[in-house]
There are 2 protein chains.
Amino acid sequence: MAHWFVSHGRDEFPRWREAFPAARLVSAADAKLLAMPGDAVWIMDDTPQWPSLAMPLGQRGVIVVIMSLAPSGHDALQALQAGARGYLHALAKPALMEQAALVTQNQGIWVPADLMGRVLGATYQALGGEPRLPSDELSALTERERDVALAVARGKSNKEVARHLDITERTVKAHLGAVFRKLGVRDRMQLVLRLGQHAEVS
Amino acid sequence: MAHWFVSHGRDEFPRWREAFPAARLVSAADAKLLAMPGDAVWIMDDTPQWPSLAMPLGQRGVIVVIMSLAPSGHDALQALQAGARGYLHALAKPALMEQAALVTQNQGIWVPADLMGRVLGATYQALGGEPRLPSDELSALTERERDVALAVARGKSNKEVARHLDITERTVKAHLGAVFRKLGVRDRMQLVLRLGQHAEVS
DNA sequence: TCGTTACTTGTCCATCGGTACAATACCCAG
DNA sequence: CTGGGTATTGTACCGATGGACAAGTAACGA
């Protein structure tokens, strides 16, 4: 199985060579001619009309991976839609690139974990899935935990919440810890992002 | 790495045993207790509230794969959105299940190729490709400060932002301090409350 | 009565987050 | 050339945060 790299710029990407010493850097036109089914073609997203290059390759059974210096959820979705099986940062560690190669060669899809959530969330909701109602989230909490969660979601510090609810800061932490556990978030930032639009209550 | 199977029905799934002889069939409750990060939990979609089971497991680093006797694009998206890393037919060939295991263990996503194409094709159009312009708030920031601000607004920690932008945590703090000063906010909580809706950009 | 749940508070500690004191380097306009 | 803006990194300090480990009270149902 051969590896081909397509990049518009003249930039050198030593990580590519490190991960795949036998790979060749080719033009977009050459990639179309040279890549055989089962081969892997790594395309930098600075390549003009890269979706138009990825699509026919993907349909021919070529494994296409799009690489970007500035990955975004939108581009990841576009890449997958264009037939790419992977999307990752152009400066990813060689070990990560090899992992992506392994995954894509086995019919898997490789997308950075942080992009996954947003891509899928947007996709799922676009298809009419439940937008994950905050009220559902909150129903799992006790009344006191809900008070604390909503206050924190409005940007209050533990100390401020404690004053507002007339309890000690330690108790706020206790409730907050329960909230984190029940909602499966790791800190108050994640909580704000999940309950963000629900921050209108006093 | 251990394999766990969760199924509501009493059905036997000989393919499971064939692909993973050392695997154990457990209840949903036991799966929560027994599965460790790195383990794989295979959940039949006849399990009541399987998304609620998949979500905490996935967040704990457990590899979750949803299996169905009647796969659909909608369910596949719901599975992935719930934190599952794979979705496949319950009667898939053992070789295919092993392939799915390999892919998911390497941070990949495994979804039947035909489902992926249909689902993504439909959604990309529904989402429409809008590049999302920089807002008024962000126009006062330098490019680097914007990168940091948007990453933080997505809930990233300073350490994560540093890794993402390939700079030290100290530099992240420097940029973030400038962001706070320019936008007139006190901390990252206020920042996420102000930029919350712009958390889509990379 | 006993077990469970919710609510409350305590101490200790590791880590994170934000700031104040810097410094070095690059680029660009004047 | 020189100053200003940007990007980068360093050390040090300290408050904020979150978890570990406990424990007390009150209410409610079996």
Side-chain angles (χ1 to χ4, degrees), chain A residues 11 69-70 89-91 114 137-196 199, chain B residues 29 32-33 36-37 56 59-61 134 137-196 199 202:
Chain A
D11 301 331
L69 285 171
H89 199 288
L91 298 182
D114 58 330
E137 306 275 20
L138 296 176
S139 65
L141 306 179
T142 69
E143 182 180 353
R144 215 53 169 160
E145 288 164 357
R146 205 158 35 232
D147 293 339
V148 173
L150 288 175
V152 168
R154 296 208 322 274
K156 303 296 183 185
S157 69
N158 288 346
K159 204 182 297 282
E160 289 170 323
V161 176
R163 266 198 302 270
H164 180 246
L165 297 181
D166 196 31
I167 52 181
T168 65
E169 190 176 344
R170 178 62 190 87
T171 308
V172 173
K173 289 185 179 184
H175 290 313
L176 206 45
V179 170
F180 293 158
R181 183 170 40 78
K182 289 183 178 179
L183 297 188
V185 298
R186 68 176 173 191
D187 55 30
R188 61 208 299 113
M189 289 295 289
Q190 307 285 331
L191 182 64
V192 158
L193 291 175
R194 182 169 295 195
L195 301 184
Chain B
K32 273 192 185 177
L33 298 175
M36 304 297 295
Q59 280 163 351
R60 267 170 45 203
E137 301 278 4
L138 300 176
S139 63
L141 307 178
T142 69
E143 182 181 353
R144 213 52 170 160
E145 290 163 357
R146 207 157 34 230
D147 293 339
V148 173
L150 289 175
V152 167
R154 293 210 321 272
K156 300 297 181 186
S157 69
N158 288 346
K159 201 183 295 284
E160 288 171 323
V161 176
R163 265 199 301 271
H164 177 59
L165 298 181
D166 196 31
I167 54 181
T168 65
E169 190 175 344
R170 177 64 190 85
T171 308
V172 173
K173 288 185 176 184
H175 290 313
L176 205 45
V179 170
F180 292 158
R181 183 172 39 79
K182 288 183 178 178
L183 296 188
V185 297
R186 288 189 305 103
D187 53 27
R188 62 209 295 115
M189 291 293 289
Q190 308 293 326
L191 180 65
V192 73
L193 288 176
R194 179 170 298 191
L195 300 184
S202 144

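Just so it is clear: chains get the letters A, B, ... in the order the sequence lines come, proteins before strands, and each one is counted from 1.
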Inset, instruction - Indicate whether OP1 or OP2 belonging to D/dT17 is found under 4.0 Å from a side-chain N or O atom of A/N158. - result: yes

Inset, instruction - List for me each residue that meets side chain to side chain donor-acceptor pair (under 3.5 Å) alongside A/R163, sequence neighbours excluded, and say none if there are none. - result: none

Legend entry - Residues that A/K159 engages under side chain to side chain donor-acceptor pair (under 3.5 Å), provided they are two or more places apart: none

Inset, instruction - Could you check which of C/dG18, D/dG19, D/dT17 has an atom nearest any side-chain atom of B/D187? - result: C/dG18

Please list every donor-acceptor pair under 3.5 Å in which a side-chain atom of residues 168-183 of chain B meets a protein atom from a residue at least two apart or in another chain.
| residue | atom | partner | partner atom | Å |
| --- | --- | --- | --- | --- |
| B/T168 | OG1 | B/T171 | N | 3.3 |
| B/T168 | OG1 | B/T171 | OG1 | 3.0 |
| B/K182 | NZ | B/E145 | OE1 | 2.9 |

So which protein N/O to nucleotides 26-30 of chain D N/O distances come out below 3.5 Å?
none

Legend entry - Whole angstrom value for the distance that separates C1' of D/dT17 from CG of A/L176: 9 Å

Inset, instruction - Please state how far atom CZ in A/R188 lies from atom P in D/dA16, giving the value in whole angstrom units. - result: 11 Å

Inset, instruction - Could you run through nucleotides 4-14 of chain C and give me one letter per nucleotide, 5' to 3': B if any protein heavy atom sits under 4.0 Å from the base, S if only the sugar-phosphate is that close, - if neither? - result: --SSBBBB---

Inset, instruction - To the nearest 10°, let me know how far the axis at one end of the helix from C/dT1-D/dA30 to C/dG30-D/dC1 is tilted from the axis at the other, five pairs an end. - result: 30°

Legend entry - Separation of atom NZ in B/K156 from atom C1' in C/dG17, rounded to whole Å: 18 Å

Legend entry - Length of the line joining B/E160:CD and C/dT15:C1', which is rounded to integer Å: 14 Å

Inset, instruction - Using the test side chain to side chain contact (heavy atoms under 4.5 Å, CB included), find all partners of A/D147 that sit at least two apart in sequence or belong to another chain. - result: A/E143, A/R144, A/L165

Side-chain donor-acceptor distances from residues 184-192 of chain B under 3.5 Å, at least two apart:
| residue | atom | partner | partner atom | Å |
| --- | --- | --- | --- | --- |
| B/D187 | OD1 | B/M189 | N | 3.2 |
| B/D187 | OD1 | B/Q190 | N | 3.1 |
| B/R188 | NH1 | B/N158 | OD1 | 3.0 |
| B/R188 | NH2 | B/K156 | O | 2.9 |
| B/R188 | NH2 | B/N158 | OD1 | 3.4 |

Legend entry - Annotated protein contacts, base or backbone, on nucleotides 24-30 of chain C with a non-hydrogen cut-off under 4.0 Å, one of B, S, - each: -------

Inset, instruction - Would you mind reading off the distance between A/M189 atom CE and C/dG18 atom C1', rounded to a whole angstrom? - result: 14 Å

Inset, instruction - Write down the distance between CD (B/Q190) and P (D/dA16), rounded to a whole number of angstrom. - result: 14 Å

Legend entry - C/dG18 OP1/OP2 closer than 4.0 Å to side-chain N/O of B/R186: no

